[in-house]
There are 2 protein chains.
Amino acid sequence: MPVNALISSLPLAEGSTHAHTGAWVASVLRSRIAEGHLLPGAKLSEQALAEALGVSRNTLREAFAVLDHELIITRIPNRGVFVASPGVAGVKEIYGVRRMIEPAALLWGPNLNTEALVSIVIEARAALAAGDIEAMADANQCFHEELVRATGNQHLQELMTRVLAQMRLVFHAMSDAPDFHSHYVELNGSLVELLQAGRREDAANELRGYLDRAEAELLAHLDEEN
Amino acid sequence: MPVNALISSLPLAEGSTHAHTGAWVASVLRSRIAEGHLLPGAKLSEQALAEALGVSRNTLREAFAVLDHELIITRIPNRGVFVASPGVAGVKEIYGVRRMIEPAALLWGPNLNTEALVSIVIEARAALAAGDIEAMADANQCFHEELVRATGNQHLQELMTRVLAQMRLVFHAMSDAPDFHSHYVELNGSLVELLQAGRREDAANELRGYLDRAEAELLAHLDEEN
DNA sequence: TGAACGAAGATTGTTCAACAATTTCCGGAC
DNA sequence: GTCCGGAAATTGTTGAACAATCTTCGTTCA
């Protein structure tokens, strides 16, 4: 288990004393997990983590409460805390959310910023040409985040951020994953074209089909992995 | 593998005295607030609450972390914890969520249960006839919760539950509120009629208008209160 | 051999007491 | 009346402690 080595590289709490340490711990763990340094299924030992982060077990526990609520970690009573690893049910949940919110944003979002979407697609194409899969995945995530930004609503954006964080966990759990992102670049592109033509309803419908196919693809890959 | 392996894979027994006290405290406070026993703006003193609930300050703190994340309470560093009191911005956020999720559920929800909605409308009508405003408000809430249940998605349902909890806070904050609920009974009724006729798109559009008017009404009342 | 048993040892759940950092309260000075 | 300064109260955080629960690992018994 390489977790111990990674934990030791965590930054220690320093300087600013007495300010929402719990939230700080939560954010550190959140990004550590998002970046894939802590992989799904990894156990987060209270004692080890508290020591590594330079905070007390009680403070760490407050961070755990937040991350648990965000579904980034899984707490099993008397067993411990683990990085969440969404299975088939999790993927279905994720796409259930996306299939409602994203088309709704496209169809009814009052702040739809087509230009921002265009520039993201251009970025993604550049990343694709450069063979930078990481950058492409980032761009794809930005695209869908920008989409939900059209709702002009903080709650929905937070939900989407949470869901996309879970998506990252799914990808991290599949180390042998093929490149899921590259062939969505052009799908995003055609979506943007529809938007530029003012055909929001068509765009929403296309997006729904797109999400259906993406879910099916992921589920197929998850099944064959077991 | 030995019997031990089989036993350990069984679902964990609930009700143990030694688990989830933090979650329990959170649920107690949640319902206390929902029922209006703790009004918006009220301060939740750590010491007093911990003593009253018979838990330690640390455990109470874990509950606070959860409720803060649910936006049911507001934490101000070094000042304390208060029951949230959504203002104009909060109401706009709430309706921003509802205006996206509810029509989407109506339009695309795979588990739309028209019969359940019908029976809720019937209940609401009975409450209206009996002059029971409380029951009417409950029925109205059930109606919209059932609507989101059509999405078959837990995340969206949780978000909706959170949003409806904030709605209750808004109503509690307006002690002199007129009866906002009674004239929505028939609007829900006409919505159901459209659904029974299979006209989901029309229903979604009508619901959007309905939510727009409801928001405007609430905002007007909030403005004149200041 | 291999499965069941059971007693350490480790880990989590929770509380308590203490202390530092801030805010709030209150009485006096101008 | 308001401005100031110092108690008093409250929050933020820690460390130790203990009970409950899991894990581990050697022992016993078919």
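To find a chain, count down the sequence lines: A is the first, B the second, and so on, and within it residues start at 1.
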To the nearest Å, give me how far apart [atom1] ([X]) and [atom2] ([N]) are.
| X | N | atom1 | atom2 | value |
| --- | --- | --- | --- | --- |
| Ile73(B) | dT11(D) | CD1 | C1' | 14 Å |
| Asn78(A) | dT12(C) | CG | P | 10 Å |
| Phe82(A) | dT11(C) | CZ | C1' | 11 Å |
| Arg61(A) | dT12(C) | CZ | C1' | 7 Å |
| Phe64(B) | dT11(D) | CZ | P | 8 Å |

Would you say a side-chain N or O of Arg75(B) is under 4.0 Å from OP1 or OP2 of dT11(D)?
no
side-chain N/O Arg79(B) vs dT24(C) OP1/OP2, d < 4.0 Å
yes
Return the minimal non-hydrogen interatomic distance between His144(B) and Met160(B), and the atom names on each side.
CB-CE, 3.9 Å
Give the minimum heavy-atom separation between Val148(B) and Ala105(B), together with the two atoms involved.
CA-CB, 4.2 Å
Assess, by modelled atom type and distance only, whether the side chains of Tyr95(A) and Glu102(A) contain a donor and an acceptor separated by less than 3.5 Å.
no
Distance-only polar pair, side chains of Tyr210(B) and Asn188(B), donor-acceptor under 3.5 Å
yes
Is Glu62(B) salt-bridged to Arg75(A), cutoff N-O under 4.0 Å?
yes
Note: Arg99(A)-Glu215(A) ion pair, threshold 4.0 Å (strictly below)
yes
For residues 41-60 of chain B, which residues have at least one heavy atom under 4.0 Å from DNA chain D?
Lys43(B), Ser45(B), Glu46(B), Arg57(B), Asn58(B)
